[in-house]
Novice: 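Sharing a structure, written as structure tokens. Questions coming.
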Amino acid sequence: MAISDHVDLPQFMDGLKRRNPGETEFHQAVYEVAANVFDFIADKEIYHSQQILRRIAEPDRVISFRVCWEDDQGNIRVNRGYRVQNNNSIGPYKGGLRFHPSVNQSILKFLAFEQTFKNSLTGLPMGGAKGGADFNPKGKSDGEVMRFCQAFMTELYRHVGEDMDVPAGDIGVGAREIGYLFGQWKRLTNKFTGVLTGKGRAFGGSPIRTEATGYGTVYMLQDMLLQAGHDIEGKTALVSGSGNVATYAIEKLNQSGAKVVTASDSTGFIYDPDGIDDERLAYLMDLKTNRRGKIEEYAREFGVEFHAGQRPWIVAADLALPSATQNEISQDDARTLIKNGVVAVSEGANMPTVQEGVQDFTEARVLFAPSKAANAGGVAISGLEMSQNSTRMTWTEDELQTQLRSIMANIHAQCLEYGSAPDGYVDYVKGANVAGFVKVADAMIAYGVV
Ligand code: NDP
């Protein structure tokens with residue numbers, strides 16, 4: 001008899017918590033997947049006897065390293081860098097790098113675990129990984145950021161490669177950081193290969209990579225609404241964040257005829273009842289991306305409300321797109337959104353809703369697209385950047401826009417296949433978890449015990 005015949009979900013989670021003490025974000029991410037997968041595999045002996053869930057929840061490896069660099073005053077600074085390579089069953093490891101003071105092993109293990117299923121959903125050959133450092137780029141000069149990136153890559157380069165592990169950006173890692181990281185990789189290896197994605201267009205980057213996550217999150221929303229007989233046009237939307245994902249989600253929402261009334265950063269949110277139109281969005285992008293300012297400046301510029309230290313979920317709206325960071329929708333926030341009549345939620349950020357909030361949305365029959373499905377557009381275009389780099393070709397923007405739209409539609413279709421309930425409601429969380437799991441699990445079974 002297989003060991004797992006004796007293990008139920010609480011026992012499985014107890015074991016996971018024992019082996020990964022204190023890693024609460026990682027526990028949360030595994031629980032969300034395991035809760036759905038346990039039901040799905042109940043009558044499928046092969047997944048039990050092969051211990052697939054237990055194996056998927058153990059990263060292939062966790063690499064941690066010291067990053068030493070000098071600041072502008074000549075002081076020696078020390079940070080901790082990581083790369084978590086979760087699973088490469090269906091392709092080379094792939095996932096972003098995050099530079100933020102909150103980065104720790106638990107957060108990167110949760111992100112690498114999620115990435116494995118997300119990448120599987122895209123239909124492209126990519127495994128799951130994530131990395132980063134507890135380095136805070138805020139307030140640092142370009143020279144300091146460059147020296148940090150060079151020191152970080154001086155260790156990371158031995159663990160990555162175009163057919164092994166291909167990192168990208170994430171919070172705190174944008175075009176500037178990817179440029180410095182790629183420059184150092186090239187210097188160390190004397191090779192010009194697609195080892196990073198999200199590169200500048202002049203050196204191997206793909207059209208629409210910057211837009212892809214935000215656009216994809218809105219495509220998912222459109223498909224969910226259409227499936228349920230709603231139209232996005234005329235709907236009011238709440239967006240949190242004002243970085244890469246948030247701003248391009250706002251752009252696509254505007255193009256779709258929705259009205260976005262909020263945006264936020266780590267200091268608070270702005271409420272613009274007339275909508276963040278294209279002109280105001282251009283101001284916001286310049287403020288946050290080029291000038292690296294605080295969102296309060298937007299409120300001052302356009303004479304709208306700024307709510308210091310708060311998140312947008314108290315505002316009544318039809319749609320919510322959390323696009324800042326993990327666990328930014330608490331259970332109370334979810335209940336407020338439901339009370340105010342939210343119709344659909346599409347997660348631009350990774351795991352932005354706490355577990356209890358997800359349950360409340362599901363019970364209230366709110367259309368809810370979890371991050372691994374909703375924000376997969378970015379990594380999908382990264383996967384296509386890898387293909388372009390391998391063939392030394394560049395596809396046109398139109399070709400990539402068409403591919404992105406079709407990949408998101410395909411993810412939506414997979415969620416329908418595995419998540420449709422008898423009453424017609426689509427449980428996108430279940431659909432995404434099971435669809436993402438099956439492909440990775442079947443590949444693992446094919447490899448035997450490795
Ligand atoms: P950016 O660094 O471009 O922007 C992050 C935004 O979130 C900023 O507005 C930032 O505010 C805000 N923020 C960060 N941390 C917090 C916090 N603790 N509380 C409140 N606000 C916070 O990152 P991205 O837009 O790239 O990423 C946002 C989310 O989307 C992350 O969860 C990321 O993992 C996920 N994601 C990103 C992808 C991509 O392609 N970029 C792909 C898939 C997922 P401030 O400016 O004040 O720091």
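Numbering of ligands and ligand atoms starts at 1, following listing order.
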Novice: If you round to the nearest 0.5 Å, how far is CD of E70 from CG of D72?
Specialist: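 Here the rounded value is 10.0 Å.
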
Novice: Using a heavy-atom cut-off of under 4.0 Å, does the side chain or the backbone of R209 touch ligand 1, or both, or neither?
Specialist: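 Only the side chain of R209 comes within reach of ligand 1.
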
Novice: Quick check on T267 - does any of its heavy atoms sit under 4.0 Å from an atom of ligand 1?
Specialist: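 Heavy atoms of T267 never come under 4.0 Å of ligand 1.
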
Novice: Which one holds for R311 and ligand 1: side chain close, backbone close, both close, or neither close, with close meaning a heavy atom under 4.0 Å?
Specialist: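 Looking at R311 and ligand 1, no heavy atom falls under 4.0 Å.
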
Novice: Could you tell me the separation between the CG atom of L121 and the CD atom of Q414, rounded to the nearest 0.5 Å?
Specialist: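 That separation rounds to 5.5 Å.
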
Novice: Tell me whether ligand 1 is touched by M351 - counting only heavy atoms on the residue side and a distance under 4.0 Å.
Specialist: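 Per 4.0 Å heavy-atom rule, M351 does not contact ligand 1.
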
Novice: Tell me which one of N244, N136, I107, D170 gets a heavy atom nearest to atom 41 (N) of ligand 1.
Specialist: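 Selected option, by shortest heavy-atom distance: N244.
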
Novice: Out of all atoms in ligand 1, which are within 4.0 Å of some heavy atom of N375? Include the element for each.
Specialist: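 By the 4.0 Å cutoff, the relevant atoms are 43 (C), 44 (C).
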
Novice: Mind checking the CG-NE2 spacing from L221 to H230? Nearest 0.5 Å is all I need.
Specialist: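 Those atoms lie 10.5 Å apart.
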
Novice: If we set the cut-off at 4.0 Å for heavy atoms, which region of A212 has an atom near ligand 1: side chain, backbone, both, or neither?
Specialist: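 Under 4.0 Å from ligand 1, A212 contributes no heavy atoms.
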
Novice: Just let me know how Q326 lines up against ligand 1, side chain, backbone, both or neither, with a heavy-atom cut-off below 4.0 Å.
Specialist: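 Near ligand 1, Q326 shows nothing, with every heavy atom at 4.0 Å or more.
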
Novice: Quick one: does R98 get a heavy atom under 4.0 Å from ligand 1?
Specialist: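 Contact present.
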
Novice: Looking at ligand 1, does any of its N/O atoms fall within less than 3.5 Å of an N/O of V245?
Specialist: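 By distance alone, the answer is yes.
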
Novice: With a 4.0 Å heavy-atom cut-off (strictly under), which part of S264 contacts ligand 1: side chain, backbone, both or neither?
Specialist: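 Looking at S264 and ligand 1, just backbone atoms fall under 4.0 Å.
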
Novice: Restricting to non-hydrogen atoms, name the atom on A263 and the atom on L284 that form the minimum distance, rounded to 0.1 Å.
Specialist: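 The pair with the smallest heavy-atom distance is CB-CD2, 4.0 Å.
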
Novice: If you round to the nearest 0.5 Å, how far is CD of Q184 from CZ of R147?
Specialist: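 Atom-to-atom, R147:CZ and Q184:CD are 13.0 Å apart.
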
Novice: Strictly by modelled atom types, are K130 and N86 linked by a side-chain donor-acceptor pair under 3.5 Å?
Specialist: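 K130 vs N86: no donor-acceptor pair found between side chains.
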
Novice: Any nitrogen or oxygen of K118, side chain or backbone, less than 3.5 Å from one on ligand 1?
Specialist: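 Min N/O separation from ligand 1 is not below 3.5 Å for K118.
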
Novice: Give the numbers and elements of all ligand 1 atoms closer than 4.0 Å to a heavy atom of G172.
Specialist: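 Result: 2 (O).
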
Novice: Checking T289 side chain against D286 main chain: does a donor-acceptor pair fall under 3.5 Å?
Specialist: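 Such a contact is absent between T289 side chain and D286 backbone.
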
Novice: Can you check whether G127's main-chain N or O pairs, donor with acceptor, with N119's side chain at less than 3.5 Å?
Specialist: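 Side chain of N119 to backbone of G127, a donor-acceptor pair under 3.5 Å: yes, one is there.
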
Novice: Any N or O of L111 that comes nearer than 3.5 Å to an N or O of ligand 1?
Specialist: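 No, there is no polar N/O contact under 3.5 Å.
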
Novice: Can you check whether S266 has an N/O within less than 3.5 Å of an N/O in ligand 1?
Specialist: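 For ligand 1, there is an N or O atom that lies under 3.5 Å from one belonging to S266.
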
Novice: In the protein, what heavy atom is nearest to atom 19 (N) of ligand 1, and what distance, to one decimal place, separates them?
Specialist: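 So the nearest neighbour among protein heavy atoms is T325 CG2, 3.9 Å.
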
Novice: Are a donor atom and an acceptor atom from the side chains of Q227 and D223 found within less than 3.5 Å of each other?
Specialist: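 No pair is found: no donor N or O on one side chain lies under 3.5 Å from an acceptor on the other.
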
Novice: Give yes if a backbone or side-chain nitrogen or oxygen of K288 is under 3.5 Å from a nitrogen or oxygen of ligand 1, and no if not.
Specialist: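 Min N/O separation from ligand 1 is below 3.5 Å for K288.
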
Novice: Just need the protein heavy atom nearest to atom 39 (C) of ligand 1, so name the residue and atom and give the distance.
Specialist: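 Result for atom 39 (C) of ligand 1: T213 OG1, 3.4 Å.
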
Novice: Decide whether K430 and T362 meet the rule of one side-chain donor and one side-chain acceptor closer than 3.5 Å.
Specialist: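 Absent: no donor and acceptor within the cut-off.
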
Novice: Can a non-hydrogen atom of G169 be found less than 4.0 Å from any atom of ligand 1?
Specialist: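 Not so, G169 does not reach ligand 1.
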
